Amino acid sequence: MANQAQDRYVVISADGHAGADIQHYKPYLESKWHAEFDEWAKAFNDPWLEVEDSDRKFGVASGGGDSTFSWDSSKRNEALEAEGIVGEVIFPNTAPPFFPSAILTAAAPRTREEYERRWAGLRAHNRWLVDFCGQLPGRRAGVAQVFLNDVDDTVGELHWIKESGLTGGIILPGDSPDNLVPLYLPRYNRIWELCAEYDIPVHRHANVPGHSPTPEYGVAAPAIGLIEAPFFAKRGLAHMIFNGVFERYPNLKYVTTEDGAGWVPSHLAELDGLYEAAHVSGSIVHHFVGAAAEGMTKKPSEYFASNCYLGASFLTGPECAMRDQIGVDKIMWGSDLPHLEGTYPYSLEAMRAAFAGVPESEVRRMLAGTAAEVYNFDLDFLQSIANKVGPTVSLINEPLVDGPKFPSETVTPPLIIEPMPGSQLAPA
């Protein structure tokens, strides 16, 4: 008879989002900002939430909104354990002090004065996150946010992150049409060096790099943002590879989260082809890429294999079928709680849609093994919790045939995208 530890999977969600309610950030701000915070909080209105609230389902808000899953530790943990999840990587969610909207949708600061305010608010969030993770020791890896405007500020925050106990790493600012963030700038080398030394994973997280539908931007703005999102996911990876970041700092961990996984093999093939063409003297590619390629001792796909990971939120069956091309040890499953597109409250069904028929050792790797290595989770400790609440191996291996039926408002990709053969899911 198999023992309990072998019967149940440890599940670590590599993509969750949390943030304080607005007023709860005030104690984490330096006192010199309190009066200004009070004025800001009274006037704050996030235009993105009007769109997100119209899509509210299951009592969970897309983008967080006022969902208590963002900051109610016990409620959040109850929801996760009900779905067999015992560990979580936590990205930002709500709007910190002085931000114009939630963290992942906020435009970059444009002036030094605005930067100073937003930097204070960002640091308040990071310090709140330490306490939030501390409510479940060993089960939450908090991802701190940094700006790249002032390298000295960022370096100082990295020293604090190392001492704070946060183990999730950092999330870099996202690109937008109004503010492209070039990760290849040499002045960022101090940041990459310190992240490698301190074992701080570096993240890019998906965002929709566009505008809300206003008279100024028109109704196509959010559509274009969604269409262009995959481009921006690939952009940061190429910057890090061709800037030689992984060559100089071979211990650096780079993670792209909630950007899908199926694009990886073809994109790496394109980058490898560019790298090879750059060695053809006299070619146009050599003219533009040759100097960068000379500093690389490996192909782009080899740097990806040695340094890069995917927070493969709501992994689909077709993506999982590509796991050997992507790299089984590169994929980390995530639920994306509390966002609308996340797997809640059908995470177990989503796991079945992705993993039914997949060898157990590979499922263990994608559900927890790689995440434990990247974020330094203690798998033995998490297994002791999973023995009580984790999904059984037999359950996750059971194809979704002839049900259960899902309500039409379920929009998580694993349950609306054509699953793997033999996993014939039919949403109601």
Side-chain angles (χ1 to χ4, degrees), residues 14 148 169 171-177 180-186 188-189 191-193 195-196 201-207 209 226-313 315-316 318-332 366 370 374:
L148 297 176
I171 177 174
L172 302 176
D175 286 308
S176 74
L180 296 177
V181 182
L183 300 183
Y184 52 78
L185 298 184
Y188 297 150
N189 284 338
I191 296 172
W192 315 139
E193 181 180 17
C195 286
V202 174
H203 298 79
R204 268 292 179 79
H205 188 286
N207 67 324
L226 185 63
I227 291 166
E228 293 182 344
F231 163 76
F232 288 105
K234 299 172 184 177
R235 186 171 183 266
L237 177 63
H239 288 202
M240 299 292 278
I241 290 174
F242 282 91
N243 183 31
V245 173
F246 305 132
E247 180 73 27
R248 291 190 296 277
Y249 312 113
N251 295 326
L252 186 67
K253 299 172 181 174
Y254 181 81
V255 187
T256 178
T257 298
E258 202 180 330
D259 278 316
W263 57 271
V264 169
S266 61
H267 185 57
L268 290 178
E270 292 175 5
L271 296 183
D272 281 355
L274 192 70
Y275 173 79
E276 297 292 348
H279 289 84
V280 179
S281 180
S283 71
I284 189 64
V285 178
H286 178 267
H287 176 75
F288 283 100
V289 187
E294 285 179 6
M296 300 162 58
T297 61
K298 299 191 291 187
K299 296 188 296 184
S301 59
E302 293 172 328
Y303 288 116
F304 181 86
S306 62
N307 294 85
C308 302
Y309 303 88
L310 300 170
S313 313
L315 186 74
T316 67
E319 288 175 320
C320 188
M322 299 174 66
R323 63 192 181 277
D324 289 335
Q325 299 168 263
I326 298 167
V328 173
D329 61 343
K330 303 286 102 180
I331 297 170
M332 302 181 291
M366 291 183 281
T370 296
V374 172

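None of the values given here were measured: they were computed from a predicted structure.
- Among residues two or more places apart in sequence or in another chain, the side-chain hydrogen bond (donor to acceptor under 3.5 Å, both in side chains) test is passed with Asp329 by none.
- Looking only at distances, a side-chain donor or acceptor of Glu319 sits under 3.5 Å from a matching main-chain atom of Ala261.
- In terms of heavy-atom proximity, Leu315 sits nearest to Cys320 at CD2-CB, 3.9 Å.
- Formation of a donor-acceptor pair under 3.5 Å by the Ser306 side chain with backbone atoms of Pro250 is not found in this model.
- For the side chain to side chain donor-acceptor pair (under 3.5 Å) condition, no pair includes a residue of residues 285-296, sequence neighbours left out.
- Thr370 contributes no side-chain N or O that, together with a main-chain N or O of Met366, makes up a donor-acceptor pair within less than 3.5 Å.
- Not counting sequence neighbours, the partners of Tyr275 by the ring-ring contact (aromatic ring centres under 6.0 Å, His included) test are His279.
- A pairwise comparison of heavy atoms in Met296 and Tyr303 identifies CA-OH, 3.4 Å as the closest pair.
- Under the side chain to side chain donor-acceptor pair (under 3.5 Å) criterion, the residue pairs touching residues 230-239 are Asp175-Arg235, with sequence neighbours excluded.
- Under the side-chain contact (heavy atoms from CB on, under 4.5 Å) criterion, Asp272 pairs with Lys299, Pro300, Ser301, not counting sequence neighbours.
- Here the closest heavy-atom approach between residue Gly260 and residue Leu310 is recorded as O-CD2, 4.3 Å.
- Although no hydrogens or angles enter the test, the distance criterion places no donor-acceptor pair under 3.5 Å between the side chain of Asn251 and the main chain of Ala196.
- Among pairs with a residue in residues 243-257, those fulfilling salt bridge (Lys or Arg N to Asp or Glu O under 4.0 Å) read Asp199-Lys253, at least two apart in sequence or across chains.
- For the pair Phe232/Asp259, no side-chain contact is recorded, criterion being any heavy-atom separation below 4.5 Å from C-beta on.
- Using a 4.5 Å cut-off on side-chain heavy atoms (C-beta onward), Asn243 and Asn189 make contact.
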